[in-house]
Participant: 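Can you read through this structure? Questions will come right after.
Chain letters run A, B, ... following the sequence lines, proteins first, then strands; residues in each count from 1.
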Protein chains: 2
Amino acid sequence: MFMQDKCDRVNPEKIKALIKRVPDTEVVTRMSAVFQALQSDTRLRILFLLREKEMCVCELEQALNVTQSAVSHGLRTLRQLDLVRVRREGKFTIYYIADEHVRTLIEMCLEHVEEKV
Amino acid sequence: MFMQDKCDRVNPEKIKALIKRVPDTEVVTRMSAVFQALQSDTRLRILFLLREKEMCVCELEQALNVTQSAVSHGLRTLRQLDLVRVRREGKFTIYYIADEHVRTLIEMCLEHVEEKV
DNA sequence: TGAACATATGAACAGCTGTTCATATATTAA
DNA sequence: TTAATATATGAACAGCTGTTCATATGTTCA
């Protein structure tokens, strides 16, 4: 079956105008990388924990019950996207939520999934 | 090398209390499914378009420049997580952003990635 | 009716992801 | 120094994802 060029509703001019309102590739790609980072149970749990207080890697390891390696890899992902930040404190590496955007992201998503149960 | 049970900073009691503040598995899993849905360039672009106005599938197809199948699959994913909703209008299926949570999610993420360039 | 348009869906494949294991690096304290 | 603790990283593998292709289903109108 052949799909024609456009459906009845399509107005090429208006479509063009709408496309301009979509952020450019680079931005969209960075956004999907951020959501990608938030798409893991382990990393989400890390953020929920850090939302309560800043923590070192081994505290997170204890709380999450996964290997230290998994925590560290997860933190790296979150760090690379500036979702968490780091501070050295002696032999400990302290992680904390980067900013309010991150808290809001988590909060909105939580409200969304809890809304309908 | 052997990793001991807990590091100096770990206080088992406090850790336990923190764990209780993390939503339970079911909720975390639903949240990661939502973020997972937001983690695709195509689906993000769909949401950016729908943010401007509700659209039928073939309008989206035109705007996105991917196959109709890809759009439809993407929409199903978004629909299943209640990120978009659907309305029939004659032979057209009109999609629109589900609620304000979704707009805020997008907005927060956009601000986050645009903050530092 | 049936032809044309609009949308959905299943299969399949290439590419990506998260975990663990093994190991390296960094810091402290003795 | 060295030992012990704390964290990071590379490799590798199983499992998941997004796209397209092919096709099915739904809707309108002549």
Side-chain angles (χ1 to χ4, degrees), chain A residues 1-10 28-29 32-47 50 54-81 84-96, chain B residues 1-10 28-29 32-47 50 54-81 84-96:
Chain A
M1 186 139 322
F2 200 73
M3 185 58 57
Q4 70 167 171
D5 201 37
K6 36 185 125 66
C7 73
D8 296 0
R9 282 174 53 100
V10 168
V28 174
T29 300
S32 47
V34 167
F35 285 126
Q36 145 67 28
L38 295 171
Q39 164 270 350
S40 131
D41 282 35
T42 297
R43 288 190 298 262
L44 272 183
R45 271 184 243 275
I46 288 175
L47 291 176
L50 294 183
E54 54 182 30
M55 297 173 82
C56 71
V57 179
C58 54
E59 280 178 299
L60 290 168
E61 181 189 353
Q62 292 294 315
L64 291 169
N65 205 32
V66 294
T67 60
Q68 177 267 320
S69 181
V71 177
S72 203
H73 280 302
L75 286 168
R76 178 169 57 167
T77 300
L78 294 171
R79 208 174 58 220
Q80 281 170 343
L81 294 159
V84 302
R85 290 182 189 150
V86 179
R87 183 179 82 241
R88 258 271 168 199
E89 209 165 84
K91 63 179 174 179
F92 297 101
T93 309
I94 313 292
Y95 282 87
Y96 55 98
Chain B
M1 190 141 321
F2 200 73
M3 185 59 58
Q4 71 167 170
D5 203 36
K6 35 185 131 58
C7 72
D8 296 359
R9 281 175 55 99
V10 169
V28 173
T29 299
S32 46
V34 167
F35 285 126
Q36 145 66 27
L38 295 171
Q39 164 270 348
S40 130
D41 282 35
T42 297
R43 290 191 297 263
L44 272 183
R45 271 185 243 273
I46 289 176
L47 292 176
L50 295 183
E54 54 182 31
M55 296 172 84
C56 72
V57 179
C58 55
E59 281 178 299
L60 290 168
E61 182 190 351
Q62 292 293 315
L64 291 169
N65 205 33
V66 293
T67 60
Q68 177 267 320
S69 181
V71 177
S72 203
H73 280 302
L75 287 168
R76 178 169 58 168
T77 300
L78 294 172
R79 207 175 59 224
Q80 282 169 343
L81 294 160
V84 302
R85 289 181 189 149
V86 178
R87 182 178 83 240
R88 260 269 169 201
E89 210 165 85
K91 63 179 173 180
F92 296 101
T93 309
I94 314 291
Y95 282 86
Y96 56 98

Participant: What I want to check is whether an N or O donor and acceptor connect the side chain of A:Q68 with the base of D:dA8 at under 3.5 Å.
Facilitator: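 Such a pair exists between side chain and base.
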
Participant: By a 5.5 angstrom centroid cut-off and a 30 degree plane limit, is there stacking between B:H73 and C:dT9?
Facilitator: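 Stacked: centres under 5.5 Å apart, planes under 30°.
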
Participant: Within less than 4.0 Å of OP1 or OP2 of D:dA8, is there a side-chain N or O belonging to A:R76?
Facilitator: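 No, because none of the side-chain N or O atoms of A:R76 sits under 4.0 Å from OP1 or OP2 of D:dA8.
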
Participant: Name the residue closer to the 5' end of DNA chain C, choosing between B:R79 and A:S69 according to the nucleotide with the nearest heavy atom.
Facilitator: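 The residue closer to the strand's 5' end, by nearest nucleotide, is B:R79.
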
Participant: First locate atom OG1 of A:T93, then atom CG of A:L60, and finally report the distance between them rounded to the nearest 0.5 Å.
Facilitator: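 One finds 11.0 Å between OG1 of A:T93 and CG of A:L60.
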
Participant: Between P on C:dA8 and CD on B:Q80, what's the gap in Å once rounded to a whole number?
Facilitator: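 Rounded to the whole Å, the gap is 12 Å.
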
Participant: Contact class for A:R9 (heavy atom, under 4.0 Å): base, sugar-phosphate, or nothing?
Facilitator: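 It contacts nothing in the nucleic acid.
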
Participant: May I ask you to say what B:T77 touches in the nucleic acid, namely base, sugar-phosphate or nothing, with a heavy-atom cut-off under 4.0 Å?
Facilitator: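 The residue B:T77 makes no contact with any strand.
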
Participant: Would one find a side-chain N or O of A:T67 under 4.0 angstrom from OP1 or OP2 of C:dC21?
Facilitator: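 For A:T67, the contact criterion (side-chain N or O under 4.0 Å from OP1 or OP2 of C:dC21) is not met.
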
Participant: So do the side chains of A:Q36 and A:Q39 get within less than 4.5 Å of each other, counting heavy atoms only?
Facilitator: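 Yes, side chains in contact.
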
Participant: Round to the nearest Å and state the distance from B:L75 atom CG to C:dT7 atom C1'.
Facilitator: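 It is 10 Å, rounded to the nearest whole Å.
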
Participant: Rounding to an integer number of Å, can you tell me how far B:N65 CG sits from D:dT19 P?
Facilitator: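 Those two atoms, CG and P, are 13 Å apart.
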
Participant: Could you give the CD-to-P distance, from A:E59 to D:dA6, as a whole number of Å?
Facilitator: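 These atoms are roughly 11 Å apart.
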
Participant: In whole angstrom, give the distance that lies between atom CG of B:L78 and atom C1' of C:dT7.
Facilitator: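 After rounding, the reported distance stands at 16 Å.
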
Participant: Heavy-atom contacts under 4.0 Å between residues 86-95 of chain A and DNA chain C, which residues?
Facilitator: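 Of all residues in residues 86-95 of chain A, the ones placing a heavy atom under 4.0 Å from DNA chain C are A:R88, A:G90, A:K91.
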
Participant: Could you give the CG-to-C1' distance, from B:L60 to D:dT19, as a whole number of Å?
Facilitator: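 Answer to the nearest Å: 17 Å.
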
Participant: Hey, which sits more toward the 5' end of DNA chain D by its nearest nucleotide, B:Q36 or A:A70?
Facilitator: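 First, find each residue's nearest nucleotide; the 5'-ward one identifies A:A70.
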
Participant: With a 4.5 Å cut-off on side-chain heavy atoms, are A:L50 and A:M55 touching?
Facilitator: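 A side-chain contact under 4.5 Å exists here.
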
Participant: Would a 4.5 Å heavy-atom cut-off, applied to side chains only, mark A:F92 and A:C58 as touching?
Facilitator: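 With C-beta onward as the side chain, the pair touches.
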
Participant: Once rounded to the nearest 0.5 Å, what's the spacing between atom CD of A:E61 and atom SG of A:C56?
Facilitator: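 Between A:E61 CD and A:C56 SG, I get 9.0 Å after rounding to 0.5 Å.
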
Participant: Would a 4.5 Å heavy-atom cut-off, applied to side chains only, mark B:R45 and B:D41 as touching?
Facilitator: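 A side-chain contact under 4.5 Å exists here.
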
Participant: Using the rule given for side-chain contact (heavy atoms from CB on, under 4.5 Å), can you reason through A:I94 versus B:R9, listing the C-alpha separation, both sets of side-chain angles and the distance that settles it, and then say yes or no?
Facilitator: CA-CA 11 Å; A:I94 313 292; B:R9 281 175 55 99; 3.4 Å; yes

Participant: Using whole Å, what does the distance between atom P of nucleotide D:dA6 and atom CD of A:Q62 come to?
Facilitator: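 Roughly 10 Å, once rounded to whole Å.
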
Participant: Please give, in whole Å, the distance from C:dA6 C1' to B:E61 CD?
Facilitator: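 My rounded result for the distance is 10 Å.
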
Participant: Measuring from B:L38:CG to B:I46:CD1, what's the distance to the nearest 0.5 Å?
Facilitator: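 Reported to 0.5 Å precision, the distance equals 11.5 Å.
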
Participant: What nucleotide, of D:dC21, C:dG18, C:dT7, holds the atom closest to the side chain of B:S72?
Facilitator: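 So the side chain of B:S72 is nearest to C:dT7.
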
Participant: Choose from C:dT7, C:dG18, D:dT20 the nucleotide whose nearest atom is closest to any side-chain atom of B:C56.
Facilitator: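 My answer, after comparing the listed nucleotides, is C:dT7.
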
